[in-house]
Amino acid sequence: MATITVPRVVPSPAEDAAALLKAFQGWGTDEQAVISILAHRDATQRKQIALEYEHKYSESLIQRLHSELSGDFERAVYHWMLDPAERQAVMANAATECIQEEYPVLVEIACANNSAAELVAVKKAYHALYKRSLEEDVAAPRLTCMHPWIVVQLLLAVVSTYRYDGDDNVDMELARSEAKIVHEAVRNGGGGAAGGHDELIRVVGTRSKAQLRATFACFKDEHRSSVTKALPRGDDPTGYPRALRTAARCVADPSKYFAKVLRHATRESAGTDEDSLTRVVVVHAEKDDMGAICAAFQKRASCTLEQAIAKETSGDYRSFLLALLGS
């Protein structure tokens, strides 16, 4: 269930554009007016508002928002104003700048989207924006970022795949067979140089989500441990086990995975991770899975996501995120 709320009677794009222009004028920006409009319009409505604003006032609404707002609030509104596929393409491009630190963003886009068609749409948007494929940039990170090739291999496999979306084509014999492959790789350090990582990456990068869940279930039945718990922890110079664990969690239970990301992002002792908090809320607020993510968060954190955000953030940024969550 999505969490954004849209009024039963929505003003016309022209009316919203005029209201936004009014919010920008005067001695200071009326941020609450901006939130009251943009946080309560769906993607199609926001696009129509942006087009009407540019047509009537001869300037980009996104550029005007950039100049009027600041900090985490500005970044959250900027990503919210993008088309959903374009938004994830922009996030993916930023992640390719330093894969070893930002690999979870790429794994989320590749493994936790609702359908194969959604990933294809992101890749098309990426190509249109950057005149390169996502695969090209994953394989050749720019600037001076150092990246272990084994992590890149895994990322290439998951961003390149086109998975079958249905749940009605699970082969249990194959699941049992590939659970043995997964176990052999995990036993040898997560499938590293000595552990046949090619086979493990093949399994993770080619099978449907339903088939992978069956494989992970067979693994747990046989070895009394989930794949994610069986993978080695601690310092690993490649980061490969962590990336593999992220991919497995995104496939096995995306709502539980995102709840964990949000829990870490709002944990008081570690300081708020605004980038992760913004990413999950903005990407999922108008998706069907946001309600399940909120429920999983409450189960994990013993408080609601709204309560955690209210405690760990402030100002217009807090107001905007809470509005996206329906508060």
Side-chain angles (χ1 to χ4, degrees), residues 1-4 6 41-48 50 76 78-96 99 102-138 154-170 204-213 243 246-262 275-294 296 324-325:
M1 179 181 68
T3 53
I4 67 160
V6 177
R41 303 292 185 271
D42 64 28
T44 299
Q45 292 163 344
R46 296 194 303 275
K47 185 175 182 179
Q48 291 171 340
Y78 164 71
H79 282 108
W80 180 242
M81 286 301 297
L82 296 174
D83 172 83
E86 189 177 62
R87 177 194 303 138
Q88 291 190 72
V90 169
M91 291 178 174
N93 179 255
T96 64
I99 280 178
E102 300 297 334
Y103 69 85
V105 178
L106 296 166
V107 174
E108 289 169 17
I109 291 169
C111 298
N113 268 320
N114 293 335
S115 68
E118 198 170 344
L119 175 57
V120 169
V122 173
K123 290 163 71 173
K124 286 182 177 178
Y126 194 101
H127 194 274
L129 285 170
Y130 303 109
K131 313 307 177 188
R132 299 181 303 274
S133 70
L134 176 57
E135 290 88 343
E136 285 180 89
D137 282 352
V138 168
L154 174 62
L155 294 174
L156 279 174
V158 296
V159 302
S160 301
T161 193
Y162 187 89
R163 301 182 195 273
Y164 172 67
D165 291 332
D167 293 331
D168 58 348
N169 195 32
V170 173
V204 173
T206 61
R207 300 307 182 199
S208 71
K209 291 182 181 180
Q211 185 66 46
L212 277 175
R213 290 181 188 123
T246 300
R249 283 174 173 154
C250 283
V251 168
D253 193 336
S255 297
K256 186 176 178 181
Y257 165 78
F258 285 117
K260 184 171 184 176
V261 172
L262 289 168
D275 288 343
S276 295
L277 178 57
T278 297
R279 182 177 77 251
V280 176
V281 173
V282 167
V283 169
H284 293 272
E286 55 188 341
K287 285 189 173 187
D288 291 340
D289 62 354
M290 192 68 221
I293 293 170
C294 289
L324 294 185
L325 292 172

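For the numbers below, each heavy atom of this structure counts, side chains included, while hydrogens, waters and symmetry mates do not. Note that the numbering runs from 1 along the sequence shown for the chain.
Scored by the side chain to side chain donor-acceptor pair (under 3.5 Å) test, Ser160 finds no partners at all (sequence neighbours excluded). Applying the side chain to side chain donor-acceptor pair (under 3.5 Å) test to Arg87 and every residue at least two apart in sequence or in another chain returns nothing. Residues passing the side chain to side chain donor-acceptor pair (under 3.5 Å) test with Arg213: none are found, sequence neighbours excluded. Legend: residues meeting side chain to side chain contact (heavy atoms under 4.5 Å, CB included) with Ala117, ordered by chain and number and at least two apart, are Ser115. Evaluation of the salt bridge (Lys or Arg N to Asp or Glu O under 4.0 Å) rule for Arg207 yields Glu178 as partners, not counting sequence neighbours. Partners of Phe258 according to the ring pair (Phe, Tyr, Trp, His ring centres under 6.0 Å) rule, which considers only residues two or more places apart in sequence or in another chain, are His284. Under the side chain to side chain contact (heavy atoms under 4.5 Å, CB included) criterion, Lys256 pairs with Asp253, not counting sequence neighbours. Remark: Ser276 engages Val261, Ala265, Asp273, Arg279 in a side chain to side chain contact (heavy atoms under 4.5 Å, CB included) (not counting sequence neighbours). Considering only residues two or more places apart in sequence or on other chains, Arg163 meets the side chain to side chain donor-acceptor pair (under 3.5 Å) condition with none of them. Scored by the side chain to side chain contact (heavy atoms under 4.5 Å, CB included) test, Tyr164 finds Asp168, Asn169, Ser208 as partners (sequence neighbours excluded).
The two residues Cys250 and Val107 have their closest heavy-atom pair at SG-CG1, 4.2 Å. Heavy atoms only, all atoms of each residue included: Ala95 and Leu106 are closest at CB-CG, 3.9 Å. When all heavy atoms of Cys111 and Val251 are compared, the closest pair comes out as CB-CG2, 4.1 Å. For the pair Ala112 and Pro254, the tightest heavy-atom approach, listed with the atom from each and the gap, is CB-CB, 4.4 Å. Across Gly166 and Ala210, no two heavy atoms sit closer than the pair O-CB, 3.7 Å. Nearest approach of Val204 to Ala247, heavy atoms of both residues: CG1-CB, 4.3 Å.
Note that CG of Asp167 and CD of Gln211 are 11.0 Å apart. Values are rounded to the nearest 0.5 Å. Rounded to the nearest 0.5 angstrom, Lys47 NZ and Leu82 CG are separated by 11.5 Å. In this structure, the separation between CD on Glu108 and CD on Glu102 is 10.0 Å, given to the nearest 0.5 Å. Distance check, rounded to the nearest 0.5 Å: OG1 of Thr278 to CE of Met91 gives 8.0 Å. The CG atom of Asn113 sits 9.0 Å away from atom CG of Asp289, with the distance rounded to the nearest 0.5 Å.
In this structure the side chain of Val159 never reaches within 4.5 angstrom of the side chain of Ile109, judged on heavy atoms. Within the 4.5 Å cutoff, no side-chain heavy atoms of Leu129 are placed close to those of Asn93. Side chains of Tyr162 and Leu119 form no contact here, defined as non-hydrogen atoms less than 4.5 Å apart. Residues Thr96 and Tyr126 form a side-chain contact, since some pair of their non-hydrogen atoms from C-beta on lies under 4.5 Å apart. Proximity of Gln45 to Asp42: side-chain heavy atoms (C-beta onward) are separated by under 4.5 Å at one or more points. No side-chain heavy atom of Asp165 sits less than 4.5 Å from a side-chain heavy atom of Asn114. Looking at Tyr103 and Leu154, their side chains never come closer than 4.5 Å, going by heavy atoms from C-beta outward.
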Should Leu325 and Met290 be marked as a side chain to side chain contact (heavy atoms under 4.5 Å, CB included) after you check the CA-CA gap, both sets of side-chain angles, and the distance that decides it?
CA-CA 8 Å; Leu325 292 172; Met290 192 68 221; 3.7 Å; yes
Walk me through whether Thr246 and Tyr257 qualify under side chain to side chain contact (heavy atoms under 4.5 Å, CB included).
CA-CA 8 Å; Thr246 300; Tyr257 165 78; 3.6 Å; yes
Begin with the C-alpha distance, continue with both residues' side-chain angles, and end with the deciding distance and a verdict on side chain to side chain contact (heavy atoms under 4.5 Å, CB included) for Lys260 and Arg249.
CA-CA 10 Å; Lys260 184 171 184 176; Arg249 283 174 173 154; 3.1 Å; yes
Just do the salt bridge (charged side-chain N to carboxylate O under 4.0 Å, His left out) check on Arg46 and Glu286 with the steps written out, would you?
CA-CA 12 Å; Arg46 296 194 303 275; Glu286 55 188 341; 2.7 Å; yes
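Distance alone, capped at 3.5 Å, places no donor-acceptor pair between the Arg132 side chain and the Asp137 backbone.
Each salt bridge (Lys or Arg N to Asp or Glu O under 4.0 Å) pair with one or both residues in residues 114-131, not counting sequence neighbours, appears once here: Glu118-Lys287, Lys123-Glu135.
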